[in-house]
Chemist: 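Following this message is one structure expressed as structure tokens.
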2 protein chains.
Amino acid sequence: MEQRIEKIKKQLHSQSYKLTPQREATVRVLLEHEEDHLSAEDVYLLVKEKAPEIGLATVYRTLELLSELKIVDKINFGDGVSRYDLRKEGAEHFHHHLVCVECGSVEEIVEDLLTDVESRVEKDWGFQVKDHRLTFHGVCKKCQVETVKSS
Amino acid sequence: MEQRIEKIKKQLHSQSYKLTPQREATVRVLLEHEEDHLSAEDVYLLVKEKAPEIGLATVYRTLELLSELKIVDKINFGDGVSRYDLRKEGAEHFHHHLVCVECGSVEEIVEDLLTDVESRVEKDWGFQVKDHRLTFHGVCKKCQVETVKSS
DNA sequence: TTTTAAATGATAACAATTATAAATAATAGA
DNA sequence: TCTATTATTTATAATTGTTATCATTTAAAA
Ligand SMILES: [Zn+2]
Ligand SMILES: [Zn+2]
Ligand SMILES: [Zn+2]
Ligand SMILES: [Zn+2]
């Protein structure tokens, strides 16, 4: 935890941004909920628990800043809200998601499955890939079992 | 054109929906702008040109309906708007997109590059894939040339 | 310390989307 | 056909997520 905060602090400093108390509180919330996919509002409410004086605008600004520095990725699962997802330690690219259409759960795939696909895209379409967003929609393991049971 | 409208009409009827004049006008706009990625507002303005009496809410409802029937796919490129994209004729899955971070252009990949990846996901993660969303962010062919020129 | 710039908090403004209710059109039954 | 019922649409209000504004605070520089 502390190490990762320290690292993020350095990333901010390298672009001459400061890790203010508000920003640190926000980053801590993101770290403590790394498995989740929090909306700005979610983050705001969680940060408020430890630092009640923080404003919603500051949370939005912080998340925007962290996005620009590629510390978090902004993602949208189709409900009207943006969600903010910490990059995995040392990850070059954004990780992938499995969204269950039955229960709404979101699972993560950290492994980069797209190496081959991306070289094809570069070669055959002449498009220089910098990053990607890949989400699978389907039925999670748990819901598959449920379906079998109830049939 | 007429064939595809006829087909969509049947898809609607099969779920006991009607192809009202407003819905037809909306579908026509989508067909005429198949290469584009129109927002609800975009569609509304274009439909209004031929059927000025249509209301924005109707366009939203129609797009929602077409989404449910998998006639169009709703996609979000990270600006705050949903965009609506007709499924390619006979396509099983949603096609992919190449978004240029320089010029904002959006190119399409109709070929399904994910067959292997999806079978891995099914096998190794036990997730039953129904559909996907894949977008690459990077530099398009044209902007790569620009960069070379100006350097 | 004084000056300057950066960051914050409260709140207003904005834009996209959804909900509501009255009007219209289509459909089915008598 | 007329009537009743249902589906659909229009106009508009309400809601929601996000961004902009501005006065205030904090931190850094001179
Ligand atoms: Zn994630
Ligand atoms: Zn599930
Ligand atoms: Zn497309
Ligand atoms: Zn480009």
Side-chain angles (χ1 to χ4, degrees), chain A residues 8-9 11-30 36-69 71-85, chain B residues 8-9 11-29 37-69 71-85:
Chain A
I8 289 168
K9 192 174 183 175
Q11 286 178 269
L12 284 166
H13 284 167
S14 76
Q15 309 279 322
S16 56
Y17 291 113
K18 288 171 280 194
L19 185 63
T20 64
Q22 292 89 338
R23 287 176 182 165
E24 180 170 339
T26 304
V27 169
R28 281 187 189 276
V29 162
L30 291 173
D36 300 334
H37 295 87
L38 305 175
S39 66
E41 186 78 27
D42 295 337
V43 175
Y44 171 62
L45 292 174
L46 288 164
V47 174
K48 236 173 139 57
E49 289 177 10
K50 14 175 111 169
E53 70 288 354
I54 201 168
L56 177 58
T58 301
V59 171
Y60 269 101
R61 277 185 298 239
T62 301
L63 292 171
E64 194 54 41
L65 178 61
L66 295 173
S67 287
E68 275 165 31
L69 300 185
I71 293 164
V72 309
D73 286 295
K74 196 173 176 179
I75 191 172
N76 191 301
F77 289 129
D79 54 349
V81 258
S82 293
R83 297 176 180 281
Y84 297 86
D85 212 355
Chain B
I8 289 168
K9 191 174 183 176
Q11 286 178 269
L12 285 166
H13 285 166
S14 77
Q15 309 279 320
S16 55
Y17 292 112
K18 287 170 280 193
L19 184 65
T20 63
Q22 293 89 338
R23 287 176 182 164
E24 180 170 338
T26 304
V27 168
R28 281 187 189 276
V29 162
H37 295 87
L38 304 175
S39 67
E41 186 80 28
D42 294 337
V43 174
Y44 170 62
L45 293 174
L46 288 164
V47 173
K48 237 176 138 57
E49 289 176 10
K50 13 175 110 172
E53 70 290 352
I54 201 169
L56 177 57
T58 301
V59 171
Y60 269 101
R61 273 186 302 245
T62 301
L63 292 171
E64 195 54 40
L65 178 60
L66 295 173
S67 286
E68 275 165 32
L69 300 185
I71 294 165
V72 309
D73 286 296
K74 197 174 175 178
I75 192 172
N76 191 299
F77 290 128
D79 54 348
V81 258
S82 294
R83 296 175 181 282
Y84 297 85
D85 212 355

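Note on naming: letters A, B, ... go to the chains in the order of the sequence lines (proteins, then strands), and numbering restarts at 1 for each one.
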Chemist: Give one of base, sugar-phosphate or nothing for B:T58, where a contact means two heavy atoms less than 4.0 Å apart.
Modeler: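 If one applies the 4.0 Å heavy-atom cut-off, B:T58 turns out to touch a base.
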Chemist: Are any non-hydrogen side-chain atoms of A:E41 and A:V81 less than 4.5 angstrom apart?
Modeler: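 No, too far: nothing below the 4.5 Å cut-off.
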Chemist: Please write out each protein N/O paired with an N/O of nucleotides 18-21 of chain D under 3.5 Å, distance rounded to 0.1 Å.
Modeler:
unit_1: D:dT18; atom_1: OP1; unit_2: A:S82; atom_2: N; d: 3.1
unit_1: D:dT18; atom_1: OP1; unit_2: A:S82; atom_2: OG; d: 3.2
unit_1: D:dT18; atom_1: OP2; unit_2: A:Y60; atom_2: OH; d: 2.7
unit_1: D:dT18; atom_1: O5'; unit_2: A:Y60; atom_2: OH; d: 3.4

Chemist: Send over the distance from B:I54 CD1 to D:dT9 P, rounded to a whole Å.
Modeler: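 Whole-Å distance recorded here is 8 Å.
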Chemist: Can you find a heavy atom in the side chain of B:E64 that is under 4.5 Å from one in the side chain of B:K74?
Modeler: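 Yes, their side chains come closer than 4.5 Å.
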Chemist: Does some side-chain heavy atom of B:R28 sit less than 4.5 Å from a side-chain heavy atom of B:K50?
Modeler: yes
Chemist: Do B:I54 and B:T26 come close enough that some side-chain heavy atom pair is under 4.5 Å?
Modeler: yes
Chemist: Flag the pair B:L46 / B:E49 as yes when at least one side-chain heavy-atom distance between them is below 4.5 Å, and no otherwise.
Modeler: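 Sidechains of B:E49 and B:L46: in contact.
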Chemist: Shoot me the first and last contacting nucleotide of DNA chain C against chain B, ordered 5' to 3', at under 4.0 angstrom to non-hydrogen atoms.
Modeler: C:dA16 to C:dT27
Chemist: Keeping the roles fixed (side chain from A:R83, backbone from A:F77), state whether a donor-acceptor pair exists under 3.5 Å.
Modeler: no
Chemist: Specify the separation, in whole Å, of atom CG of B:L19 and atom P of D:dT8.
Modeler: 11 Å
Chemist: For nucleotides 23-30 of chain D, list the nitrogen or oxygen atoms of the protein found under 3.5 Å from its nitrogen or oxygen atoms, one pair per line.
Modeler:
none

Chemist: A side-chain contact here means heavy atoms from C-beta on lying under 4.5 Å apart; do A:I8 and A:L69 qualify?
Modeler: no
Chemist: Starting from P on D:dT9, measure out to OH on B:Y17 and report it in whole angstrom.
Modeler: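 From B:Y17 OH to D:dT9 P: 12 Å.
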Chemist: Indicate yes or no: at least one non-hydrogen side-chain atom of B:L65 is less than 4.5 angstrom from one of B:Y17.
Modeler: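 Yes, their side chains come closer than 4.5 Å.
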Chemist: Provide, to the nearest angstrom, the distance between the NE2 atom belonging to B:H13 and the P atom belonging to D:dA7.
Modeler: 15 Å
